[in-house]
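The chains referred to below are lettered A, B, ... by the order of the sequence lines, with proteins before strands, and numbering in each begins at 1.
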Number of protein chains: 2
Amino acid sequence: MISVAIADDHQLFADSLSMGLNSVPDIRVAATFKDGAELLGGLDDLEIDVLVIDLEMPNISGFEVLNAGRPLPPTLVVTMHSTEMQRRRALESGAAGFLPKSAPLNDLAAAIRALNAGEDLTESTTLRDVLRQHQEPVYDSRVQALTARERELLQLLAEGVTSTPDLADQLFISEKTVKNHLASIFEKLEVADRAQAAIEAIRLGVASRR
Amino acid sequence: MISVAIADDHQLFADSLSMGLNSVPDIRVAATFKDGAELLGGLDDLEIDVLVIDLEMPNISGFEVLNAGRPLPPTLVVTMHSTEMQRRRALESGAAGFLPKSAPLNDLAAAIRALNAGEDLTESTTLRDVLRQHQEPVYDSRVQALTARERELLQLLAEGVTSTPDLADQLFISEKTVKNHLASIFEKLEVADRAQAAIEAIRLGVASRR
DNA sequence: GAGCAAATAGGCCTCCCGACCTATGGTCTT
DNA sequence: AAGACCATAGGTCGGGAGGCCTATTTGCTC
């Protein structure tokens, strides 16, 4: 789970981005700040893996945060006015990456994963490649333990197919096999019954996202 | 359920806002567009209750959308550069409301609810009052039918307390009463068992949002 | 080709879940 | 005072859920 902090003076953007990123299985937004001052004040109390900041902010701007001489987590600059000059200035100030607000959410998630993994996003030539390599969410270890078939079953379960006969029908297997898979899922997810399994599946992002 | 469409050229914002609003129980984002042309092209195929648009967009701007002479759903203008002049121009062009991007997400949700209810958001003097009146999400009718006690139980259920004895313990009632409440919940939510009830509770936003 | 994990299937058994009904005290509204 | 709704509690009962074991086939890895 990657812990992220966001600083942006447009609260609608910060709130939404927080919600958006929280709906990504392996990313959690720990805090949002509405200017650089708040950010520098509140950062010490949190364990932040990756920082996402806007450049244009009142009080203390993104540039000033980067140049404050403080040790910061890998910092991704996300900005509206995406010019080459701003990009260069941000990277020179110590930003680990630079994305325009016109980028899709998936790219932001990928960039956060890349920074968390210690990758370098300052080279615009390799940016697209690096992002592509981090498209896939890194699931919780308990989810990783699940087999493909178990995941299929769990997905159906989380969609509301809860009875053994129905699951058997939709997976074209016997009820016995359904129960076997379920037992295995319960053990791996450390839950007691199918209701808890469904809840965990949703929480961990195994269920399909529409 | 209020159906919303978003138009904003900053995809990160549009994607995030979409996620953010979808996590509000009574609002669903049906589509996002990245400029006015896309919006005008795709709007006819959808039943949109409220439109959320940015003013600054390539191709066809927010102003041009409003002035296109088309019948539009109640339209909320959300903008970065919130000046009085822009506000006046937007409202004169037919916008039903105007919010800066520095507003919190709750206010946007409230504004959408207000517009959907036919309220007028053009008067800045009464804006705050109207928003306050629409703070609370309008739950699905099935959720409205639930009693307070049933909701308590459902909340516990959605948090993973699935066994009858555990539920009885935490609610300080007998197992019999738990089963009675559950039966009533099943009927009102039109589900068959506690797994489906938990899933619906999460989907409908009954479970606490942390 | 030996070994291992996964997907499939079955048996058996206990206990809990969900369905259906009755009942009582409390709090409203009419 | 009557009626309606809610929270509470109990009984019964059949079927399904979950625990525990065994077993076969397939496919991958060493």
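Following rounding to the nearest Å, A:Leu146 (CG) and C:dA7 (C1') show an atom-to-atom distance of 15 Å. At whole-Å resolution of the value, CG in B:Leu182 and C1' in D:dT8 are 14 Å apart. Between B:Glu152 atom CD and D:dA7 atom C1' the separation is 11 Å, expressed in whole Å. We find that CG of B:Leu157 is positioned 11 Å from P of C:dC17, with the value rounded to whole Å. Atom NE2 of A:His181 is separated from atom P of D:dG18 by 15 Å (rounded to the nearest Å). Distance NZ (B:Lys179) to P (D:dG11): 12 Å, rounded to an integer number of Å.
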Contact pattern, 5' to 3', of nucleotides 20-30 of chain D - B, S or - by protein heavy atom under 4.0 Å: -----------
Annotated protein contacts, base or backbone, on nucleotides 25-30 of chain C with a non-hydrogen cut-off under 4.0 Å, one of B, S, - each: ------
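Legend: salt bridge (charged side-chain N to carboxylate O under 4.0 Å, His left out) pairs involving residues 170-191 of chain B, not counting sequence neighbours, sorted by first then second residue: B:Glu150-B:Lys188. Among residue pairs with one or both ends in residues 24-36 of chain A, those qualifying as salt bridge (charged side-chain N to carboxylate O under 4.0 Å, His left out) are A:Asp26-A:Arg113, A:Lys34-A:Glu38; sequence neighbours excluded. Legend: salt bridge (charged side-chain N to carboxylate O under 4.0 Å, His left out) pairs involving residues 126-149 of chain B, not counting sequence neighbours, sorted by first then second residue: B:Asp107-B:Arg128, B:Asp129-B:Arg132, B:Asp140-B:Arg142, B:Arg142-B:Glu200, B:Arg149-B:Glu152.
Using a 4.5 Å cut-off on side-chain heavy atoms (C-beta onward), A:Val138 and A:Gln144 make contact. Contact of the B:Leu39 side chain with the B:Leu51 side chain is registered, since non-hydrogen atoms from C-beta on lie closer than 4.5 Å. Counting heavy atoms from C-beta outward, A:Val50 and A:Ile27 have side chains that stay 4.5 Å or more apart. Residues B:Ser3 and B:Asp49 are in side-chain contact: their nearest non-hydrogen atoms beyond the backbone lie under 4.5 Å apart. Contact check for B:Asn116 versus B:Val4: no side-chain heavy atoms found under the 4.5 Å cut-off.
The side chain of B:Thr177 lies closest to D:dT8, out of D:dT8, D:dG18, C:dT8.
Taking five base pairs at each end of the helix from C:dG1-D:dC30 to C:dT30-D:dA1, the local helix axes there meet at an angle of 50°, rounded to 10°.
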Taking distance alone, no hydrogens or angles, what donor-acceptor pairs closer than 3.5 Å link side-chain atoms of residues 9-20 of chain A to residues at least two apart or in another chain?
{"residue": "A:His10", "atom": "ND1", "partner": "A:Asp8", "partner atom": "OD1", "Å": "3.4"}
{"residue": "A:Asp15", "atom": "OD2", "partner": "B:Leu105", "partner atom": "N", "Å": "3.1"}
{"residue": "A:Ser16", "atom": "OG", "partner": "A:Leu12", "partner atom": "O", "Å": "2.7"}

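Listed by chain and residue number, B:Ala31, B:Phe33, B:Ile48 satisfy the side chain to side chain contact (heavy atoms under 4.5 Å, CB included) test with B:Leu46 (two or more places apart in sequence, or in another chain). Taking B:Asp45 as the reference, nothing meets the salt bridge (charged side-chain N to carboxylate O under 4.0 Å, His left out) condition, with sequence neighbours excluded. Taking the side chain to side chain donor-acceptor pair (under 3.5 Å) definition, one finds that A:Thr164 meets it with A:Arg194, sequence neighbours left out.
Between the side chain of B:Ser163 and the backbone N or O of B:Val161, no donor-acceptor pair lies under 3.5 Å. In this structure a side-chain-to-backbone donor-acceptor pair under 3.5 Å is missing from A:Arg88 to A:Thr83.
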Trace of the side-chain contact (heavy atoms from CB on, under 4.5 Å) decision for B:Asp54 with B:Thr79: CA-CA 5 Å; B:Asp54 191 4; B:Thr79 188; 4.0 Å; yes
CA sep, side-chain torsions, deciding dist, call: B:Glu92, B:Arg89, salt bridge (charged side-chain N to carboxylate O under 4.0 Å, His left out): CA-CA 5 Å; B:Glu92 276 165 11; B:Arg89 273 188 67 202; over 6 Å; no
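Of the residues in residues 185-196 of chain B, not one places a heavy atom less than 4.0 Å from an atom of DNA chain D. Using a 4.0 Å cutoff on non-hydrogen atoms, the parts of residues 162-176 of chain A near DNA chain D are A:Ser163, A:Thr164, ordered by number.
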